[in-house]
Amino acid sequence: FFFLHRLLEMADLVDTSLPPDAVVEEEESKVPALPSWVPSGCGVLADGEYDAIVMGTGLKECVMSGLMSTMGMKVLHIDRYNYYGAECASLNLTNLYEKFNAGSPPEYLGSNRDYNVDLIPKFIMACGKLTKMLLHTKVTRYLDFKSVEGSYVQKDGKVLKVPATPDEALRSPLMGMFEKRRFRSFLIYVNSYDPKNPATFKDRDLTRMTMRELYTAFGLAEGSMQFISHAMCLELSEDHMSKPALPTVLALQTYCTSIETYGKSPYIYPMYGLGGLPEGFSRLCAIHGGTFMLNTELQEILYDEDGAAWGVKCKDPEGNIGVAKGTMLIGDPSYFPSSKVKVTGRVVRSICFLNHPIPSTNNAESCQIIIPGPQCGRTNDVFVCCLSGGLNVVAKGVYVAIVSTRVETADPAQELVPGLRILGQILQRFDSVVDCTEPIADGTADRCFISKTFDGTSHFEQDVEDMLDMYKRVTGEELDMNIDTDLSGDY
């Protein structure tokens, strides 16, 4: 009988399948049980457990995810938007008009595909710390950069170029002939100063001597002090004048080194806008195994009984609710409850389309103009950033100028007038006022490492300090910045 049954089985004449109930039970037994840390009614988000969960694809967050992934950490990176960059994204013309509820773009601005307008444009110091980060991670291989054509400062109501060469310095109306000699002596001292070599101190202790005392020692006039401090050292107010001179002197050294590198100005800018920066660091993270989920809405941060964050609950693009577990959470302030951040001020910005270069800039296709606070009766400086089609951020023949400053009064728009009045005719203008927020704690106790919002300047120098601070808070180590800033090679 057994032999006959076997023959029939081989001929497919005997049904050897399991009963329906048994099949269901077998299939259910193959479905893995959810981890014990997954709340009831939720699934597992992506791979479930990570070393770090990063929220928001702004530049600071993407830098962190890129750096951590290169250290071998398993990273999950989520964003509520369906594009990279968050609040510092580069938008095409249609998206820009939609963001500001400005209707449809006018035809005279040209094709939508010609626009990559940065919501928060900032120039990169050629030999500054952000350039070193880009080289440290090799993100430069994903991007192309172009030198900014000029750096300007307003003095006595006139927009004047910050000298970039000895010939320009000799012809500059910023200073008189005798003042130029004193300025030259000052720069010689600054460029030769080495904090590790007492022989270069010239009997000056810059850790005690204030910046005003250093300027006075070289006989510099008040107007020269302002233009050096604000346009070259990138100080934001006059507070530094009564503080030790060393940090300001080191900032001036970076400026001088950067301007020697490219000649026209100390700044560079990525082709197609700053949106390429977070995308570049995101690519770095993905290459090293990072997981990205855009259009994913954070619903809740999950904490243990001690108040330390251990995971996130999110809704994915398909509407599924999932939970991911991480040893730390990193993100911009908008992803965290108000109890973990504080408002430190506000920044007002105006994005303006022009059909001409800014007057008094020698028809520069790209430039920065700094209006020192004392020059316009303010505490904080006003910044103007101008870009054109040469950087592939707007259509040919169109210029985009962004004016920004830190809010000091109850009428933010009026505070931009010193910058707006130097632009000439404006075709279209988009205004915004945003809160400046920063974390209350350093993240050690609650495992929530929060970045600061971007400031109102037109450069990255203060924002890079926040990135370096975040890196140290997360890893407990300083990021190695001993890097040659020559962009022509591959570090």
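These numbers were taken from a predicted model, which means no experiment stands behind them.
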Trainee: Are K129 and E461 ion-paired here, with the side-chain N under 4.0 Å from a carboxylate O?
Mentor: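 No, K129 and E461 are not salt-bridged.
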Trainee: Is the cationic atom of K74 (NZ for Lys, CZ for Arg) positioned less than 6.0 Å from the six-membered ring centroid of Y50 and within 45 degrees of its normal?
Mentor: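 Here K74 passes the 6.0 Å and 45° test against Y50.
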Trainee: Any luck finding a side-chain donor-acceptor pair between E235 and T248 under 3.5 Å?
Mentor: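 Judged by distance alone, the side chains do pair up.
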Trainee: I'd like to know if the side chain of R473 reaches the main chain of L468, judged simply by a donor and an acceptor atom lying under 3.5 Å from each other, with no hydrogens or angles considered.
Mentor: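 No; judged by distance alone, with no hydrogens or angles, the pair does not exist.
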Trainee: Quick check for you: to the nearest 0.5 Å, what is the distance between S229 atom OG and L234 atom CG?
Mentor: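 Going from OG on S229 over to CG on L234, the span is 10.0 Å.
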Trainee: For the side chain of S404 and the backbone of R349, is there at least one donor-acceptor N/O pair under 3.5 Å apart?
Mentor: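 Looks like no, no N/O pair under 3.5 Å.
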Trainee: Heavy atoms only: give me the nearest V347-C436 pair and the separation to one decimal.
Mentor: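 The pair with the smallest heavy-atom distance is CG2-SG, 3.3 Å.
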Trainee: Working to the nearest 0.5 Å, report the span between NE2 of H288 and CG of L67.
Mentor: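 Here the interatomic distance stands at 10.5 Å.
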Trainee: What I want to check is whether the side chains of E415 and T409 have a donor and an acceptor closer together than 3.5 Å.
Mentor: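 Indeed, the side chains of E415 and T409 share at least one donor-acceptor pair under 3.5 Å.
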Trainee: If every non-hydrogen atom of Y255 is compared with every non-hydrogen atom of A231, which pair is closest and at what distance?
Mentor: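 The pair with the smallest heavy-atom distance is CE1-O, 3.4 Å.
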Trainee: Is there side-chain contact between D480 and E478, with at least one heavy-atom pair below 4.5 Å?
Mentor: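 Sidechains of E478 and D480: no contact.
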Trainee: Using the side-chain contact (heavy atoms from CB on, under 4.5 Å) rule, take M55 and L298 through it: C-alpha gap first, then chi angles, then the decisive distance, then the call.
Mentor: CA-CA 8 Å; M55 300 176 291; L298 174 70; 3.7 Å; yes
Trainee: Please step through side-chain contact (heavy atoms from CB on, under 4.5 Å) for the pair Y97 and L91, ending with a clear verdict.
Mentor: CA-CA 9 Å; Y97 272 72; L91 301 184; over 6 Å; no
Trainee: Is there a side-chain contact between I301 and L329, using heavy atoms and a 4.5 Å cut-off?
Mentor: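 Contact flag for I301/L329 side chains = yes.
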Trainee: Mind telling me whether H77 and F292 have parallel, tilted or perpendicular rings, with 30° and 60° as the class edges?
Mentor: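 F292 vs H77 ring planes: parallel.
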Trainee: Please check: side-chain N/O of D442 versus main-chain N/O of T444, any donor-acceptor pairing under 3.5 Å?
Mentor: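 Yes, because the side chain of D442 sits within donor-acceptor range (under 3.5 Å) of the backbone of T444.
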Trainee: Would you give the length of the straight line joining atom OG1 of T131 to atom CZ of F460, rounded to the nearest 0.5 angstrom?
Mentor: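 Answer rounded to 0.5 Å: 10.0 Å.
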Trainee: Under a 4.0 Å threshold between the charged nitrogen and the carboxylate oxygen, would K243 count as salt-bridged to D239?
Mentor: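 The answer is no: the pair does not qualify as a salt bridge.
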Trainee: Please determine if D431 and R429 form a salt bridge, counting it only when a charged side-chain N lies under 4.0 Å from a carboxylate O.
Mentor: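 Between R429 and D431 there is a salt bridge, with a charged N closer than 4.0 Å to a carboxylate O.
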Trainee: Check A324 against I53 and note the closest heavy-atom contact, atom names and distance.
Mentor: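 A324 and I53 have their closest heavy atoms at O-CD1, 3.7 Å.
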Trainee: Run the ring-centre check on H459 versus F123 and record whether the distance is less than 6.0 Å.
Mentor: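 Ring-ring flag for H459/F123: false, centres at least 6.0 Å apart.
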Trainee: Enumerate the salt bridge (Lys or Arg N to Asp or Glu O under 4.0 Å) contacts for residues 116-125, please, sequence neighbours excluded, ordered by first and then second residue.
Mentor: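 Found K122-D455, K122-D463.
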Trainee: Shortest non-hydrogen contact from A364 to Y152?
Mentor: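 It is CB-OH, 4.5 Å.
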Trainee: Looking only at side chains, do T327 and R447 share a donor and an acceptor under 3.5 Å apart?
Mentor: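 No, no side-chain donor-acceptor pair sits under 3.5 Å.
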Trainee: What closest approach, in Å, do M125 and S258 show between heavy atoms, and which atom pair accounts for it?
Mentor: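 Closest heavy-atom pair between M125 and S258: CG-OG, 3.2 Å.
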Trainee: Measure from the side-chain N and O atoms of N116 to the backbone N and O of N392, and report whether any donor-acceptor pair falls under 3.5 Å.
Mentor: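 Answer holds: yes.
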Trainee: Between atom CD1 of I351 and atom NZ of K99, what is the distance when rounded to the nearest 0.5 Å?
Mentor: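 Taking CD1 in I351 and NZ in K99, the distance rounds to 9.0 Å.
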Trainee: Whether K60 and D332 form a salt bridge (side-chain N of Lys/Arg under 4.0 Å from carboxylate O of Asp/Glu) is what I want to check.
Mentor: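 No, no charged N to carboxylate O under 4.0 Å.
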Trainee: Salt bridge or not for E297 and K315, using N-O below 4.0 Å?
Mentor: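 K315 and E297: not salt-bridged.
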Trainee: Between R80 and Y335, is NZ or CZ placed under 6.0 angstrom from the six-membered ring centre and within 45° of the ring axis?
Mentor: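 Yes, a cation-pi geometry.
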Trainee: Whether the Q253 and Y193 side chains hold a donor-acceptor pair (N or O, under 3.5 Å, no angle test) is what I'd like checked.
Mentor: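 Y193 and Q253 do not have a side-chain donor-acceptor pair below 3.5 Å.
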Trainee: Do NZ/NE/NH1/NH2 and the carboxylate oxygens of E477 and K472 come within less than 4.0 Å?
Mentor: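 Salt bridge absent between E477 and K472.
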Trainee: Any non-hydrogen side-chain atom of S458 less than 4.5 Å from a side-chain atom of Y267?
Mentor: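 They are not in side-chain contact.
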Trainee: Checking R346 against R406 for the side-chain contact (heavy atoms from CB on, under 4.5 Å) test, could you report, in this order, the C-alpha distance in whole Å, the side-chain angles of both residues, the deciding distance, and whether it holds?
Mentor: CA-CA 6 Å; R346 293 190 299 164; R406 192 175 180 89; over 6 Å; no
Trainee: Answer whether the closest heavy-atom distance between the side chains of M470 and D466 falls below 4.5 Å.
Mentor: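 In contact.
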Trainee: Quick one: pull up CE in M133 and CG in L277 and give me the separation to the nearest 0.5 Å.
Mentor: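 So the CE of M133 and the CG of L277 are separated by 12.0 Å.
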Trainee: Side-chain contact, heavy-atom cut-off 4.5 Å: P439 with K340?
Mentor: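 P439 does not reach K340 side chain to side chain.
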Trainee: Are any side-chain N or O atoms of D194 and backbone N or O atoms of K196, one a donor and one an acceptor, separated by less than 3.5 Å?
Mentor: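 Judged by distance alone, yes, a pair lies under 3.5 Å.
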Trainee: Could you tell me whether the side chain of T437 and the main chain of V341 form a donor-acceptor pair under 3.5 Å?
Mentor: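 Such a contact is absent between T437 side chain and V341 backbone.
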Trainee: Would you check if E279 and T57 make a side-chain contact, meaning some heavy-atom pair closer than 4.5 Å?
Mentor: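 E279 does not reach T57 side chain to side chain.
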Trainee: Please work out whether the ring planes of F430 and F100 are parallel, tilted or perpendicular, with thresholds of 30° and 60°.
Mentor: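 Tilted, since the angle between the ring planes falls between 30° and 60°.
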Trainee: Might you confirm whether atom CG of D144 has over 12 heavy atoms from other residues, nucleotides or ligands at distances under 6.0 Å?
Mentor: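 No, not enclosed.
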Trainee: What residues, two or more places apart in sequence or in another chain, satisfy side chain to side chain contact (heavy atoms under 4.5 Å, CB included) together with V139?
Mentor: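 Per chain and number, V139 pairs via side chain to side chain contact (heavy atoms under 4.5 Å, CB included) with L134, T137, Y142, L143, F281, L284.
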Trainee: What's the shortest heavy-atom distance between P121 and C385, and which atoms?
Mentor: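 Shortest heavy-atom separation between P121 and C385 comes out as CB-SG, 3.9 Å.
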Trainee: Is the shortest side-chain heavy-atom distance between T291 and V75 below 4.5 Å?
Mentor: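 Of all side-chain heavy-atom pairs linking V75 with T291, none is under 4.5 Å.
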Trainee: May I ask you to test the V348-T405 pair for a side-chain heavy-atom distance under 4.5 Å?
Mentor: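 They are in side-chain contact.
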Trainee: I'd like to know if the side chain of S366 reaches the main chain of E149, judged simply by a donor and an acceptor atom lying under 3.5 Å from each other, with no hydrogens or angles considered.
Mentor: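 At least one qualifying donor-acceptor pair exists.
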Trainee: Could you tell me if the ring centre of F353 sits under 6.0 Å from that of Y115?
Mentor: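 When the ring centroids of F353 and Y115 are compared, they turn out to be within the sub-6.0 Å range.
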Trainee: Indicate yes or no for a side-chain donor-acceptor contact from N112 to the backbone of L93 under 3.5 Å, with no hydrogens or angles considered.
Mentor: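 Judged by distance alone, yes, a pair lies under 3.5 Å.
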Trainee: When you look at V44 and L34, which way does the side-chain contact (heavy atoms from CB on, under 4.5 Å) test go after all the steps?
Mentor: CA-CA 8 Å; V44 175; L34 291 175; 3.8 Å; yes
Trainee: In Å, rounded to the nearest 0.5 Å, how long is the span from CE of M64 to OG of S451?
Mentor: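 If I round to the nearest 0.5 Å, the distance is 10.0 Å.
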